[in-house]
Amino acid sequence: RAAAGAPAGPLEVGPDARWVLIPGRGRIDLARRRSTRLVLLALTRARLSTPGKGLDGETLIESAWPGERMLHHAGLARVYTTIRALRALGLGDGLLTRDDGYLLDPDLVVRLMP
């Protein structure tokens, strides 16, 4: 069972995370939100391959802004802002923050669509 405030059904993530279907919110287009899309894709892949393991800020910076040079604290601020945006889109408490980083709730049903 997912945490309170998490989506109540399966979270469906489209190819390359260009869209996400969040129960109760419907399908949300992320095609023009590159960094949000890439963070969600990294979190989805991690959830499917290693449920319960968090992704640290460095990993998410490299996933969403590959090769871009930035100050460390600026990169972490971008990650934080992107995580907040994903929660506001409807992921709520289904997107966890722990000591080892950020992750999708291991109890949340997640599907990466072909």
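Given the structure is predicted, the values throughout are model-derived calculations rather than measurements. Just so you know, these numbers use all the heavy atoms, side chains as well, and skip hydrogens, waters and symmetry mates. Counting begins at 1 with the first residue of the sequence.
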Under 4.5 Å between side-chain heavy atoms, hopping through other hydrophobics if needed: is there a path connecting [X] to [Y]?
X    : Y    : result
L103 : L38  : no
L41  : I83  : yes
V13  : M113 : no
L89  : W19  : no

Assess the residue pair V79 and Y102 against the criterion (side chain to side chain contact (heavy atoms under 4.5 Å, CB included)); give the C-alpha distance rounded to whole Å, side-chain angles, the decisive distance to 0.1 Å, and a yes or no. CA-CA 10 Å; V79 168; Y102 300 97; 3.7 Å; yes
Looking at CZ of R33 and CG of L40, how far apart are the two atoms once the value is rounded to the nearest 0.5 Å? 11.0 Å
Output the distance between atom CG (D105) and atom CG (L43), rounded to the nearest 0.5 Å. 12.5 Å
Taking the hydrophobic residues Ile, Leu, Val, Met, Phe, Trp and Tyr, and joining any pair whose side-chain heavy atoms are under 4.5 Å apart, which ones share a cluster with V109? none
Side-chain heavy atoms of L95 within contact of L104, under 4.5 Å: yes
Looking at R98, I'd like to know if its CZ atom is crowded, meaning that more than 12 non-hydrogen atoms belonging to other residues, nucleotides or ligands lie closer than 6.0 Å. yes
Got a sec, which residues hit side chain to side chain contact (heavy atoms under 4.5 Å, CB included) with [X], two or more places apart in sequence or on another chain?
X    : answer
R78  : W65, E68, M70
P114 : none
L48  : T44, V110, L112

So, T50 versus R45: side-chain donor-acceptor pair below 3.5 Å or not? no
Counting distance only, does the side-chain N/O of R47 pair as donor-acceptor with the main-chain N or O of L108 below 3.5 Å? yes
Do any pairs count as a salt bridge (Lys or Arg N to Asp or Glu O under 4.0 Å) and have a residue in residues 10-27, sequence neighbours left out, and if so which ones? E12-R111
Provide the closest heavy-atom pair for [X] versus [Y] in the form atom of the first, atom of the second, distance.
X   : Y   : result
G26 : L21 : C-CD1, 3.4 Å
R37 : A17 : CG-O, 2.9 Å
S63 : A42 : OG-CB, 3.7 Å
T97 : R87 : OG1-NH2, 2.8 Å

For residues 51-61, please give each side-chain donor-acceptor pair under 3.5 Å, one per line with the distance, not counting sequence neighbours.
{"from": "D56", "atom 1": "OD1", "to": "E58", "atom 2": "N", "distance (Å)": "3.4"}
{"from": "D56", "atom 1": "OD1", "to": "T59", "atom 2": "N", "distance (Å)": "2.8"}
{"from": "D56", "atom 1": "OD1", "to": "T59", "atom 2": "OG1", "distance (Å)": "2.7"}
{"from": "E58", "atom 1": "OE2", "to": "H72", "atom 2": "ND1", "distance (Å)": "2.6"}

